[in-house]
Structure formats: C-alpha cells, structure tokens
Amino acid sequence: MKKLFILLTFVLGVFVLTACKTTTTKTTTGNTTGNTTGTTTVTTTAPVVSDGYLVFSTLSDPQTWDPSHNSAADGGHIINNMFEGLYRATATGIELAGATSVDVSTDLKTYTFHLRENAKWSNGEAVTAGDYKYSWLRVIDPVKPSEYSFIMSPYIVGAEAYLKGTGTAEQVGIEVVNDFTLKVTLINPVPYFTQLLSFYTYLPVYSADGSALAAGWEKSGTVVSNGPFKFKEYAIGSHITIEKNDQYWNKADVKIKGVRFQIIGEETTALNAYNQGDVHVLDYVPLNQITELNATNPDFEIQAQIGTYFYVFNMDDETIGTPAGANGKKIRQALSMAIDRTSIVENVTRGGQIPATQFVPDTLSFSDGTPWTVDYGIKATVQKDAAKQLLAEAGYSTAEQLNNLSRKIKLGYNSSDGNNKIAVALQAMWKENLGLNVSITQEDWAVFQDSRKYGDYSIARHGWLGDYPDPNTMLDLFTSYSGNNDSQWRWENGTGFEHDTVLNPGNKAFDDAIEAAMTASGAARDNFLKEAERILVQEEVAVLPIYHYNRLQLINSSTVDGVVRTQMGHWWFGDAELFE
Amino acid sequence: MLKFIIKRFISMILTLLVISVVTFFLMHTAPGNPFTGEKALSPVVMAALKKEYGLDQPIIIQYFNYLKGILVFDFGISFHRDGIPVSEIIQKTYGPSAIIGALSSVFILLVGIPIGVIASLKHNKFVDRMSMFLSIIGVTVPSFVLATLFLYYFNTKLGWVPSFGVGSFKHYIGPALCISVFSLAFVTRLTRSSMLEVLQQDYIRTARAKGLNNFKVLFKHALRNALIPVVTYVGPMIAGLLTGSFVVERIFAIPGLGQNFTVSVTNRDYTLIMGMTMFYAVFLVVAIFLVDIVYSLIDPRIKYES
C-alpha cells in the first residue's frame, strides 16, 4: 500500500511538472509555427462567453453564406440575419421587408415592387432595384450558376435561356424601372412567387463592385450586407460572428449586439453546452435524448416540417417495376402494405414524427388554407392479409417463389444511424409479414447518390425537404425532367437521363398534371396537384412514404426571448432579446 | 552524417511524391464527386462547376496542375468552404491541434517512461501488476468514451472545465488527457518490457560487478538501450498527436486539424484531402527521419557515416 502511495505521489508530481511545462510548450508552438498561426490562435481562442451576443450552435462550417450561391440550411440561417429580400419569412408566412408595396398585373404574371427608400447597405449606400437585378442575374449566370438556380430559372421570362447560354441577360424579365422600382415578368402565374422572394436565393447582394464578389467574399471583412446584422468574424472550425448593423432601416428593433454561430459537431457536447448556459439556441440533439427532453424540458419543442422520408421503387426493375406489368405493381403495393409506419416512428425513430400515408406532408395546405390531407388507401399500420393476398396474386406464395423474389430485391440506403435502423426494421417487417428475405446494402452518401441516380437498386432510401410552402415543392421531384427523380420513372429520357432507357408511360399523366397545375389557380390547381400525387402514390406506386420529417428546437427561455423560426425552418434573431 | 542526411532527404521527397500520386488517383477513382448534394444539379450547373474547379480536364493534367501549385505552396481552394484556400484552413486549424498534441506528448513521455521503468524494477510486484492492469485499460477503452466521461464528470457534475472549445489552459486538459491515454499505456508497456529484457543482459551484470552504483547502472547503461524501441514508436506517435484527433476534437468541439481528415473524405473535398494527406505525410517522414538521428545519439553502435 505504501508503494502504491509513492507511485501515486510520483504520478501527481509528474502531472504538476507537465502543467508547469505547458506554458513553455504553448509559447514555443506559437513561435515555431510562424506568425500567422500565432495570431490565429489568439482569435480562435476567445473565451466562450456570450457578452451580449446570442449563441446559436451549428454542426459544421457552412460552405458559404453568399445568398446567391448558398444551398444549405446552415448558411441559410446566417443569410436570413445578414441580408434582407423583398419579403421576409415569418413564423407563419411572409411579410414585406425590402419592398413596401407591390402591384400585380391582372394576368398574375407581372409584379412591380416599390422598394423601401430608407433601406441601406451596411456601408450606408441605398439598396436599389439595380442591386436586385444584379443579384438575380448572378444566380442564373451561365458561367458560374448557383446550385439553386432551379428555384428561379423555371419562373422568370428568359431566365432558363440565359442560364443555358441560349439567351442574353437583356432578355431576362427583370427590369429596373427606377432606383426604387423593380418589375419582374413571369412565364406563368406562380401562386407561391412571393414566398420564393423570401428565400435566400432571391436576397440581394451589394452590386457596386462586382469584382469584389469572387468566391469567398462573404467570409472576409469587406462583405456588405443589408439585414439587421453584418459580418464581424469567421474563425475556421470555431465560429462565425455577426454584429448589429447600424445602417439597418429598422435598427431600433434590434436589441442584441450580435449572434455567434458556434460550431459544435457533436450532439452530446452541444446539448451539454446548452444545459450549461453556454449556448442559447440549439436545433439538434442526440436522438436518444428526445424522449427525456420532451418529458422534462418545457423549452424543448418538436415541430412538423415540410418534408418526407420515403423509399423509391426502381420503376425500371424487371421484377417489381413496370416491365413486370400488373404483377410488379402488386408487389410494390404488398411491400407498402406490409410495413408498420406507426411502429417505425414509435419504436425506431422515436422523434415524434408523423407516419406518412401520402407524399405531400399535411403541413402544406390547399388553396383555401385547409391542410393537405388526402386518403390514397395507404395505412399507417400493417395490412398483413391483404399484402399476402396481393403477393400471391402476383405469383409469389410458396416458400420457393418467395425465395426467388427475395433474391431479386435489393434495398439500398446511405449510411447513417437512423437510416440503418429503419432499413433493418423494414427488412424485419417484410420477413415477418410476407416471408421475404430482402437483402439490404448501405453505402457512403457520395457513392449511394450515384447508385440511386443510375437505378442500381430495387428499392432505395430517399428524403426530401421542401424549399417553399407549396405542394409543388414536393411533387415536381417526380417529373420526367427532374434531376432528383431517382425512381427511374420517366416516359421520355431527355438530356441528362440518357441512362434511363426503360420508359414508363404512366409518368406522362403525372407530367401533364404538374404542367396543367402551372397555369391553373385556386381549386382547379389543387385538383391537378392532387391528381399528380394520386398517380404517384396510388396508381403507379412509385414511392413508399415512411414518415414526415419534423424539427427539434431548444430555446433557453430564461435567458433569451423573441427568437423566431420561419415556416421553412430558418432562424431569425432580428427581434431577439437577451437577459442575463 | 551529412551524406546520410542528404540521402535521406532525397528519399523523403520521393516518398512524398509517391504518396501524392497514390492519394490523388485513389481519391479520383472513388465514386461520387464534390458536388453531390442532397439535390441533384442540372447538367448545365454541374458542367459549369466542373469547369470552374478544373475537373473537366484529363486526370493526368489535373495532377500536374496540382503539383505545379504545390511548388509555390498553393494547395488549391477547398471545394466545400467557398473561397477558402486549403493552406489557410490548415494554417488556422493547426494551432489548437498542436497545443493539444504537444501537451499530450510531453505528458506521455514524462509519465509513461518513469512508470515503465518502475514497473520493470518491481517486476511481478503489486506496483508492476497495477500499472500493467491500468495500461490494459488505457489501450482498450476508446478515447470517445473517455472524452464523454471526462465532460460528464468535470464539466456537467463538477463544473471545473468549460463545456467545449479552446481558450484557456483548462480547455486543453480534457482533450490532451483523452488523446494521451492510448499511447501512454503503450509507451509504459513498451518501456517496461524493453527494460526487463535489457536488465537480463550480460553487460548489466558486468556493470554491477564493476561496482557501479545502482543509479548509474539503470540510467546510463540500461535505460539508454531500453529506449530504442520506445523511440521507434514515439516518433510517429508525436507526428500523429500533433496533427490532431478526429474523435477527441469533435467531442470537445476543438477547431482543430483532426476533423478535416474525415470530413474532407466524406465531402469528396479533393483539394482538402490532398492538403491534409500531404501535411500529415510531411510530419510523418520528418518524424521517422528524426528517430533515425536520435538512434545514433542513444546508441553509439549506430553510425551513419559509412
């Protein structure tokens, strides 16, 4: 025992010695790695205290927060607070922001926006119609187009042609009438056009010096913005800080000094930091904590989101696709009926999701405002007998026949804890309810994308989050010309889809319904969209809806107030207040 | 010695060149590309992006362009952080990783070697058994478990250390300890077994027979020889520690280098993959080179003149 004591004292002694040594180590590191590292260490190691700044935790370094080129939610949160468009998204819809009024022509194709004359950039200059035109052309620039150009080019006159290099910028229907009047001409009436205007792709950037907008401009100290906050600092891997913009037209309402987007990649660490008061707002938590948080923390909230987690069937598959005719459809129906969606959300995902019995989530609504709820005969629970019956009708009832079928079905998904659990659950349900032994394969995301795109599967995991609050954001995924239509369900194979040589005539009616909806309005439009969804999920059974996504949030109500999350899920801190 | 150094330097350059070729071509053969996002890009946008980043050219040309860049220390722009050069990412995230790596290296050497020596001297006694038991735990318990436990006890329960990030000395204790444990246990075991072997040697008996005191026998004759295998391990170990750990940095939310290794691969961020691989490779070959030099200092029989 005495020896152990001596040993422990020794270890302790060495530890103290190391502690003393560290000061020297630290300085040496700074010196030997050169000046740059030395100074960086200073900036990145600012102590984590909020000092008037609201701290919001984010998973990783955003790729960009350039409004025209952003394509991800994390960049979207920063943009929503640094920039301001003609409209601003609110918790329930949108409101005028950069514009004070709008005149819409009777054919609903021409919008004339009257801009707010006291709106200024952070350098004091006025925000003009020219800035908007410049920024929007930047999105559809044929040389360096935005990944999100698809949210603009199909709607505005001449935009698609300019993007593809067959038209000119002058032919695009964006007209600067005067400094504060902007006229936009659309190809067809777009009921959700004003919703799109609040989306980051349509937000303006400062145009006076175009050459300053080289890649990465938004991350430097020279970035000019027009929202309630302006850029302050970016420390790679650590945080992005934005501070109050004194030139903002409504600066009187901005009560906090700024926002610090703190990068914390590990959910457990982020939740712990939140519990310690080091983070004020958090929108991701470890999955295994959801049940407990829901029961014990009143600040924890689960909200329905506009999006669906689903599987796509390979419609070109010889066994389960349209080449197998009516039998293929029966197999697809049987597979869909044999899964227990309620059990998946209650026992597998356990995040309070809603089982999906349709493709469009009911967080979206019909033109009269009622929730989008339609019965296509898909049930949340298992219909075992009916499923077995359908499979038997398709010619698979004996053990040998079922084994044959099992061998031909290949289910694929991209590796993630959640996807894995769901795939295993589906496999078990099909085994128990249908006697099928389906093989499942997981792939790395980048690899899986190609497998899914080129149809190297029978059933593949898919998921979609809407970009604007209209059913079209979900449905136009399955048009024959959609780059995301990975079910191989196409009646013709245009440019980019040369690999899809097996054509599915059933997709024509879907395309037609979507196209008819483009020129219709009100209840007539609703009916076209509903018809499209019916063809997708009921008549052709191209998808297997599992559940509708939801989102989580923790807002520390004892230290922060006035934090808003928009309908599409972006955070707004312009009205936030901190009390400490 | 000079000749040896020049020879080694040339072979180091060759090694790095081979590493760069293998990584570059393997990376490009991996399925997927940097632009595979949640939403598929239209062919027009994809073509424009590929052109912008030079991915539309033949792979051989791409490789030579890359090599040309390296010669002027231009490692390209990251594909997944618009406009940020890879060299800047490495430069700015290197600091925290180096501090943690240096702290843990010092800790491992100052604790591991003495414990190993003591254990070998008290062979099969309680202290020996105890330290070997602890070192087995150290080798087997993964660092993410230790890191999570550390945060739970010292932050959540006791509030002694901050919840995440870098800044003060307190921020570094957890990451440095957790990153150390595996190598600490390994170094201890290595020192012990190597010492045990050396202590059996004839020349130790001779030294004792000459009447040298115990201290001189142990430290001048035994330890010096026993350290050779330890030095072999410690060289690459320090290179590894100084370039950061993905797991530990992630759990403690350290803005360090380690995260870039894994993230760059899943993102297919070609330029960052290359930058990180080359950065680590340089560390490694230099560490191995230094190990060779240290050999000759410890063991007079090893000479590089010939």
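Here is how names work: the chains are called A, B, and so on, in the same order as the sequence lines, proteins then strands, and each is numbered from 1. All values derive from a computational prediction rather than experimental measurement.
For A/Asp444, the part sitting under 4.5 Å from any heavy atom of chain B is the side chain, from C-beta outward, and nothing else. In this structure, chain A has a heavy atom under 4.5 Å from the side chain of B/Leu49, while its backbone stays farther away. With a 4.5 Å cut-off on non-hydrogen atoms, A/Gln276 touches chain B through its side chain but not through its backbone. Looking at A/Ile264, the atoms closer than 4.5 Å to chain B (heavy atoms on both sides) sit in the backbone and in the side chain alike. At a 4.5 Å heavy-atom cutoff, the contact between A/Tyr148 and chain B is made by side-chain atoms alone. No part of A/Tyr274 comes within reach of chain B, as not one of its non-hydrogen atoms sits under 4.5 angstrom from that chain. Proximity to chain B is limited to the backbone of A/Leu465, based on heavy atoms less than 4.5 angstrom apart. Looking at A/Trp65, neither its backbone nor its side chain comes within 4.5 Å of chain B, counting heavy atoms on both sides. Residue B/Ser42 does not touch chain A at all, counting heavy-atom pairs closer than 4.5 Å. No part of A/Ser71 comes within reach of chain B, as not one of its non-hydrogen atoms sits under 4.5 angstrom from that chain.
No more than 12 heavy-atom neighbours from other residues, nucleotides or ligands sit within 6.0 angstrom of CZ on B/Phe144. Heavy atoms of other residues, nucleotides or ligands lying less than 6.0 angstrom from NZ of A/Lys144 number more than 12.
Separating the CG atom in A/Asp61 from the CD1 atom in B/Ile84 is a distance of 8.5 Å, to the nearest 0.5 Å. Atom OG1 of A/Thr268 sits about 14.5 Å away from atom CZ of B/Phe164, to the nearest 0.5 Å. In this structure, CG on B/Leu41 lies 9.0 Å from CG on A/Asn484, to the nearest 0.5 angstrom. Taking CD from A/Glu266 and CD1 from B/Ile251, the interatomic distance works out to 5.0 Å, rounded to the nearest 0.5 Å.
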Check the pair B/Asp82 / A/Asp66 against side-chain contact (heavy atoms from CB on, under 4.5 Å), numbers first and verdict last. CA-CA 9 Å; B/Asp82 281 8; A/Asp66 173 346; 5.8 Å; no
Tell me, with the steps shown, if B/Val263 and A/Ser60 meet side-chain contact (heavy atoms from CB on, under 4.5 Å). CA-CA 10 Å; B/Val263 174; A/Ser60 58; over 6 Å; no
Could you check A/Thr269 against B/Leu151 for side-chain contact (heavy atoms from CB on, under 4.5 Å), going step by step and ending with a plain yes or no? CA-CA 8 Å; A/Thr269 308; B/Leu151 272 183; 4.2 Å; yes
A/Asn272 and B/Thr156: CA distance, side-chain angles, deciding distance, side chain to side chain donor-acceptor pair (under 3.5 Å) verdict: CA-CA 7 Å; A/Asn272 184 46; B/Thr156 315; 2.9 Å; yes
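In terms of heavy-atom proximity, B/Val45 sits nearest to A/Ser149 at CG2-OG, 3.5 Å. Among all heavy-atom pairs drawn from B/Pro255 and A/Ile236, the shortest one is CB-O, 3.7 Å. Shortest non-hydrogen contact noted between B/Arg81 and A/Tyr234 is CD-OH, 4.2 Å.
Of all the listed residues (B/Pro31, B/Ala147, B/Gly32, B/Ala253), the one sharing the greatest number of non-hydrogen pairs under 4.5 Å with chain A is B/Pro31.
The shortest distance between side-chain heavy atoms of A/Val447 and B/Arg268 falls below 4.5 Å.
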